[in-house]
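Quick caveat, the model's predicted, so the values are computed rather than measured. Every chain is numbered from 1 and lettered A, B, ... according to where its sequence line falls, protein lines coming before strand lines.
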Amino acid sequence: MPELPEVETIARVLRQHLLGQRLDGARLNAIARHGKALLFDFSGAITGRERLVARLGMTGTLRLNAAPDKHTQAVLQFDRDALVYSDIRKFGRLIWSNEPLHLGPDILALPAAELARRLSHRERAIKPLLLDQMLVSGLGNIYVDECLFAARIHPLTPASQIDAAALSQAVTSILEAAIAAGGSTISDFYDPLGRPGRYQEQHRVYGRAGQPCPRCRTAIVRTLVAQRGTHLCPSCQPLAQ
DNA sequence: ATTACTACCTGACAGC
DNA sequence: TGCTGTCAGGTAGTAA
């Protein structure tokens, strides 16, 4: 599941525990996040490369000193701690690579004007466009729905009609609040110390079909947009004609 | 160039 | 108990 706030939560915990430790003789110098990708940069090459890229897919986890189980794909033994990578559905990837990331800009670091530029000439519906990691990276299905609700945008609105400044403000505010709460735990997400996130308690539309909209009390609706479960308030997020 | 759809993989859950 | 069908937060590949 991990989207930007969950990956940022993982990065912060791992920085506290792993920076400066060695793996196969190479020192871990930095842990960065770009969108949903985690980047581990080492001082020396391991298998010929100095960067390990983790993309966790839907169910990938990175746990410190956890007991490996049947879903464990890799164990990285550092000086003092072991980093255990597991992935039930095997959509994630752990790859040694010095290649530039094949990803659009991180959405938290993206100025509103640049978001506007990227949306202005697109006629596609805003939701699937925001899920396209080549356009902007970091949003997944949960936070897209939460951000579009916050910005009062219907997920099928053509991208060129979007008020990008308002959307950018909503994205920043939602993602920062989610990071502060340690991400969302629906079923699978736990940080490297095994702690769940708390932001699911603040979800306003995701997973709340049939419940009242927190702004106007209209029942939240669940529909399909681009084959993805999509949650919205039909009153706060009208589709303009 | 852009968009739409499918497949990948496992587990949880509902219904029978 | 156990079978079947459906669904899940991501993304790569293919085809229109």
> Quick one: label A:D188 by what it contacts on the DNA or RNA (base, sugar-phosphate, nothing), any heavy atom closer than 4.0 Å.
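Touches a base.
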> The side chain of A:R124 is closest to which nucleotide in this list: B:dA4, B:dT10, C:dG10?
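Taking heavy atoms from C-beta onward, the closest nucleotide is B:dA4.
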> Any Lys/Arg nitrogen of A:D191 or A:R12 sitting under 4.0 Å from an Asp/Glu carboxylate oxygen of the other?
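Between A:R12 and A:D191 there is no salt bridge, as every charged N stays at least 4.0 Å from the carboxylate O atoms.
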> Nearest to the A:Q227 side chain among C:dG10, B:dT6, B:dG11, which nucleotide is it?
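Per side-chain heavy atoms of A:Q227, the pick is B:dT6.
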> Examine B:dT3: is either OP1 or OP2 under 4.0 Å from a nitrogen or oxygen in the side chain of A:R122? Give yes or no.
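Yes, A:R122 has a side-chain N/O under 4.0 Å of OP1/OP2 on B:dT3.
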> Would you please indicate if the ring centroids of A:F42 and A:W96 are separated by under 6.0 Å?
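Yes: the rings meet the under 6.0 Å criterion.
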> Determine the interplanar angle of the A:Y143 and A:H203 rings, folded into 0 to 90°, and report it as parallel if under 30°, tilted if 30 to 60°, perpendicular if over 60°.
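Perpendicular, since the angle between the ring planes exceeds 60°.
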> Do A:R117 and A:E114 sit within salt-bridge range, that is, some charged N less than 4.0 Å from a carboxylate O?
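Salt bridge between A:R117 and A:E114, a charged N being under 4.0 Å from a carboxylate O: yes.
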> Are OP1 or OP2 of C:dA12 and a side-chain N or O of A:H102 less than 4.0 angstrom apart?
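A:H102 to C:dA12 OP1/OP2: no side-chain N or O under 4.0 Å.
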> Both atom distances under 3.5 Å, Watson-Crick or G-U wobble: I'd like the secondary structure of DNA chain C as a dot-bracket string, with | for pairs made across strands.
.|||||||.|||||||
> Can you tell if the side chain of A:D145 reaches within under 4.5 Å of the side chain of A:K127, non-hydrogen atoms only?
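The answer is yes, as the side chains (C-beta and beyond) meet within the 4.5 Å cut-off.
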> Hey, is CD on A:Q21 packed in by over 12 heavy atoms from elsewhere, all under 6.0 Å?
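Yes, because the 6.0 Å sphere around CD of A:Q21 holds more than 12 heavy atoms from other groups.
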> Measure from the side chain of A:F91, starting at C-beta and using heavy atoms only, and say which of B:dC9, B:dG11, B:dT3 lies closest.
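Taking heavy atoms from C-beta onward, the closest nucleotide is B:dC9.
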> Looking at B:dG11, C:dT11, C:dG10, which one has an atom nearest to any side-chain atom of A:Q133?
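When the side chain of A:Q133 is considered, C:dT11 is the closest of B:dG11, C:dT11, C:dG10.
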> Looking at C:dG10, I'd like to know if its phosphate oxygens (OP1 or OP2) sit under 4.0 Å from a side-chain N or O belonging to A:R228.
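The answer is yes; a side-chain N or O of A:R228 sits under 4.0 Å from OP1 or OP2.
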> Taking only N and O in the side chain of A:K70, is any of them less than 4.0 Å away from OP1 or OP2 of B:dG11?
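Yes, within the criterion.
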> If you only use heavy atoms from C-beta on, which nucleotide in B:dG11, B:dT10, B:dT2 is closest to the side chain of A:H121?
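It is B:dT2.
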> Between A:R55 and C:dG10, does any side-chain N or O lie under 4.0 Å from OP1 or OP2?
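So the side-chain polar atoms of A:R55 never come under 4.0 Å of the phosphate oxygens OP1 or OP2 of C:dG10.
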> Going by heavy atoms closer than 4.0 Å, what residues in residues 189-211 of chain A are next to DNA chain B?
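Contacts with DNA chain B under 4.0 Å: none.
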> Check whether any side-chain N or O of A:T172 sits under 3.5 Å from a backbone N or O of A:S168 as a donor-acceptor pair, and report yes or no.
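Looks like yes, one N/O pair under 3.5 Å.
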> Taking for each residue the nucleotide of DNA chain C bearing the nearest heavy atom, is the 5' side occupied by A:R89 or by A:K36?
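On the 5' side of the pair lies A:R89.
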> Counting only non-hydrogen atoms, which of residues 134-158 of chain A are less than 4.0 Å from DNA chain C?
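Contacting residues: A:G140, A:N141, A:I142.
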